[in-house]
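Values in this document were obtained by computation on a predicted structure and should not be read as measured data. Whatever order the structure lists them in is the order used to number ligands and atoms, beginning at 1. All values below were derived from every heavy atom in this structure, side-chain atoms included, with hydrogens, water molecules and symmetry-related copies excluded.
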Amino acid sequence: MTSNSEDIETESVHVVVRVRPLNSKEEMQNCQNIISINHEENIIALENPKLPNMQCKSFKFDHVFFCDCTQLDIYQKVALPIVDQVFKGYNGTIFAYGQTGSGKTYTMSGNQTDNELKGIIPNTFSHIFSQISRASNEKSFVVTVTYVEIYNEEVRDLLSVHPNEKLEIRERVDVGVYVRGLTGFTVDSINAINELLQLGNSTRKTRATLMNNLSSRSHTIFTITIETKDREHNKTTVAKLNLVDLAGSERLKRTEATGIGLKEASNINQSLFVLSNVISALVEEKCTHVPYRNSKLTRLLQDSLGGNSKTAIITTISPNENDYDESLCTLRYASRAKLIKNHVRLNIQTNKGLIENFEQEILELQKRLEQISMNEEIKRQKTRKGKSQSKEILKRYTEQTKEFKNIENVKSELNRKIQSIQNKILVGGKNLFDKAQEQVFLLESSFEEIKNLDKSHQELQELLEEKEIEHFDLQEQYSSLQEEDKILDEKIERIQRLLERVKERHDEQRQEHRQELNRLFEHHQTTSRELQLTNELTKCAIPKNNIKIIESNVAWNSEICDFQVNGIAHVGNNMKKPKRRFKKHIPKSALMGILFNERKNVMRANKVIFKKCAVKNSYQQYVSQKKDEESKDLEEIEDSDDTYP
Ligand SMILES: Nc1ncnc2c1ncn2[C@@H]1O[C@H](COP(=O)(O)OP(=O)(O)OP(=O)(O)O)[C@@H](O)[C@H]1O
């Protein structure tokens, strides 16, 4: 077997944890569960029963399964991906590791009579044969099985007629590590492979201990080798799947083992100790030597740990508070094993494989059969020709008939051989199940399909919900945009109407201003003329000096809107003394008289003047007021744009 170095992939060992439920004995003793699980993060936390206030010890794995998980859950998450890879030509290993009584055998083998309780090994059988029956008929497969146990550091063949015979481990460059003299069986159906498993299990060493009524006293490796010949791509691959059920580690104090039990337990612990050393060495960066050779177990699992294999370790633990130390130790090793890197490559068959050998054998047998048939035919013809001749010939004929019978027997034996070899080569697409098996498997696969469908249904449902939310959002956005658009239209319309109104008002006001301006202008002209006349009249009526005196002594009172003589109160007739500013040489009475009369005249005249002036002022005020109003209107328009809802 060869494979290009470029094809080598480095990948970590897949490590999962399975927690078994508390058993009835533990429940009766009221033992506490010290394990909690975070399924989303795949974290398992262990509470120290002696120090409940201390923080839990937690470990992260590729997957964690709690007591309620089913055998099929484990198969789908752990074994199925590896079995699929074996079909592609990659080696695979699945092994259960854990304390005695933690559920390794339950996980690997389970209860064979109950479909739901079947473990990884029987489920793998169904998976393999269903894959073959679903494959293209351009593919041929040969499935072979071996089953070994390592008991007290001795390798034994569980399928051999001499199961107690010790076997040796050897290594060859082209094959790798192998067990010499191991019996391999080619299987063509689930029944055939199941029978071999049962046969092996019946020989496996088990014993009742204080920790487990049916404790495995040996490590077992059930190996399925699948050779696949793909005629379409002219490629043959051969891959091994090791299904390993280890014996559990045990504290001798707790199991109180003695005699053979003690020897078994010491050997089990010793080989598990080597296994943990191998794991440690593999993950240590500076380590140059991995002690695979220190135990038979690690020697046989050499390829699975750090070698050419896709490996999954199922760490089984007990939730019982009394098993805290063992569980912690198991989890520590398991989390270390996660760091092991394997170097996986596609195993392409370059020399003659089983399929080719079988095919050649069939051809040779068929040729022999043809030759025998031809010889037989010639002999028969000769016999027919000599039928009517002498008695002697008749005697020979009887002998020849006997010979023909023998030939027939040889022929049927050859046909049987051909058939049995042909049966070993499984052609893709062929139905390999008998009715009952098919139903069982269909039940399992439909269960699997239902699960997958459920999953995809759930995913689709979630997607649909997401899309619906998006749709609602869009609709909301769309309707709010439409509303906004409508509101904006209305706003524009209203602003336009407002603008038109303002324009109209503005035009009207302009018109009014003009008219008012004209009117005021005319009025102003008339007033100016009148003022001019009044001035002329005043000049005639009042001497120039007096006018000056009057002018310097009167002031406009804005409160009463009239002229007032400075210093004289105009309340009734109570006029007060004028201020001393008047010149002394003018007699007071005369001045008063003049002043009084003239003041009256002047006041009248000035009132007129003032009024004219007031009109002029008010005209200017009016103009500026109008300007203000116009600018206010414009501001109003501008404001209305900004402040509109
Ligand atoms: N997940 C589980 N669900 C239900 N029962 C279980 C589970 N795991 C183990 N058990 C039960 O616990 C008992 C011990 O299990 P099992 O024999 O598989 O342990 P083990 O790890 O193989 O022990 P040992 O190393 O001694 O062989 C069995 O009765 C088995 O049915």
Side-chain angles (χ1 to χ4, degrees), residues 16-29 31 33 35 37 44 63-79 94-123 149-152 158 197 200-201 203-222 243-252 254-257 260-262 264-273 275 297 313-320 322-323 326-327 329-331 333-334:
V16 305
V17 176
R18 183 181 199 180
V19 186
R20 70 152 167 82
L22 285 170
N23 59 36
S24 48
K25 194 173 154 192
E26 289 164 336
E27 270 173 358
M28 263 170 54
Q29 289 168 353
C31 294
N33 172 8
I35 285 168
I37 277 187
I44 180 165
H63 218 99
V64 284
F65 299 91
F66 207 39
C67 320
D68 54 350
C69 87
T70 64
Q71 297 282 58
L72 218 56
D73 285 338
I74 298 271
Y75 188 78
Q76 281 173 349
K77 293 266 164 41
V78 186
I94 302 167
F95 70 84
Y97 170 88
Q99 178 201 357
T100 180
S102 57
K104 296 180 294 296
T105 309
Y106 180 86
T107 300
M108 292 311 293
S109 298
N111 184 342
Q112 314 270 327
T113 53
D114 186 336
N115 280 328
E116 282 189 17
L117 300 182
K118 275 183 180 174
I120 286 175
I121 299 177
N123 276 326
E149 82 168 342
I150 303 163
Y151 175 69
N152 284 340
L158 288 175
L197 177 71
N201 284 346
T203 327
R204 186 183 183 182
K205 299 279 182 300
T206 55
R207 190 180 305 282
T209 68
L210 280 183
M211 304 284 287
N212 186 359
N213 287 338
L214 198 69
S215 179
S216 312
R217 310 316 289 159
S218 63
H219 309 300
T220 56
I221 306 175
F222 190 92
L243 302 166
V244 188
D245 181 8
L246 298 181
S249 56
E250 55 189 66
R251 303 230 157 159
L252 300 177
R254 289 185 71 186
T255 51
E256 295 173 14
I260 301 174
L262 181 65
E264 285 167 353
S266 323
N267 277 312
I268 292 168
N269 287 347
Q270 173 60 26
S271 58
L272 290 174
F273 175 68
L275 176 66
L297 175 70
I313 300 179
I314 303 166
T315 313
T316 53
I317 58 168
S318 141
N320 185 351
N322 301 327
D323 294 328
E326 285 90 340
S327 298
C329 185
T330 308
L331 289 176
Y333 271 104

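In this structure, P21 is part of the shell of residues with a heavy atom less than 4.0 angstrom from ligand 1. For R217, the closest heavy-atom approach to ligand 1 does not fall below 4.0 Å.
Distance check, rounded to the nearest 0.5 Å: CD of Q71 to CZ of F65 gives 11.0 Å. The CG atom of L197 sits 9.5 Å away from atom CG of L243, with the distance rounded to the nearest 0.5 Å.
Residue-ligand proximity, R18 to ligand 1, at heavy-atom distances under 4.0 Å covers atoms 1 (N). Per-residue contacts place K104 under 4.0 angstrom from the following atoms of ligand 1 (heavy atoms of the residue considered): 18 (O), 19 (O), 20 (P), 21 (O), 22 (O), 23 (O), 24 (P), 25 (O). Those atoms of ligand 1 with a heavy atom of Q99 less than 4.0 angstrom away are 21 (O). The ligand atoms of ligand 1 that sit less than 4.0 angstrom from a heavy atom of S216 are 24 (P), 26 (O), 27 (O). Heavy-atom proximity to S215, at under 4.0 Å, picks out these atoms of ligand 1: 24 (P), 26 (O), 27 (O). Residue G248 has at least one heavy-atom neighbour below 4.0 Å for each of these atoms of ligand 1: 25 (O).
The shortest contact between atom 28 (C) of ligand 1 and any protein heavy atom is with N212 OD1, 4.8 Å. The protein non-hydrogen atom at the shortest distance from atom 23 (O) of ligand 1 is G101 N, 2.8 Å. Given atom 9 (C) of ligand 1, the protein heavy atom at minimum distance is G103 CA, 3.4 Å.
Counting only non-hydrogen atoms, the option in Y97, Y106, F65 that gets closest to atom 10 (N) of ligand 1 is Y106.
In this model, a donor atom of one side chain and an acceptor atom of the other lie less than 3.5 Å apart for S216 and T105. For the 3.5 Å distance criterion, the side chains of D245 and T220 fail to qualify, holding no donor opposite an acceptor.
For D114, the side-chain contact (heavy atoms from CB on, under 4.5 Å) partners at least two apart in sequence or on another chain are N111, E116, L117. Every residue meeting the side-chain contact (heavy atoms from CB on, under 4.5 Å) condition with C329, not counting sequence neighbours, appears here in chain and number order: Y333.
Polar contact with ligand 1: absent for R20 (N/O pair, distance under 3.5 Å).
Side chain of E26 to backbone of N23: a donor-acceptor contact under 3.5 angstrom is found. Judged purely by atom type and a 3.5 angstrom limit, T316 has no side-chain atom pairing as donor or acceptor with the backbone of R18.
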Notebook entry, point to check: Where do I150 and S218 land on the side chain to side chain contact (heavy atoms under 4.5 Å, CB included) test, with the steps shown first?
Noted result: CA-CA 5 Å; I150 303 163; S218 63; 5.9 Å; no
Item checked: Test log, rule side chain to side chain donor-acceptor pair (under 3.5 Å), inputs S266 and N269 -> CA-CA 5 Å; S266 323; N269 287 347; over 6 Å; no
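For atom 4 (C) of ligand 1, the nearest protein heavy atom lies under 4.0 Å away. Distance remark: protein heavy atom present below 4.0 angstrom from atom 7 (C) of ligand 1.
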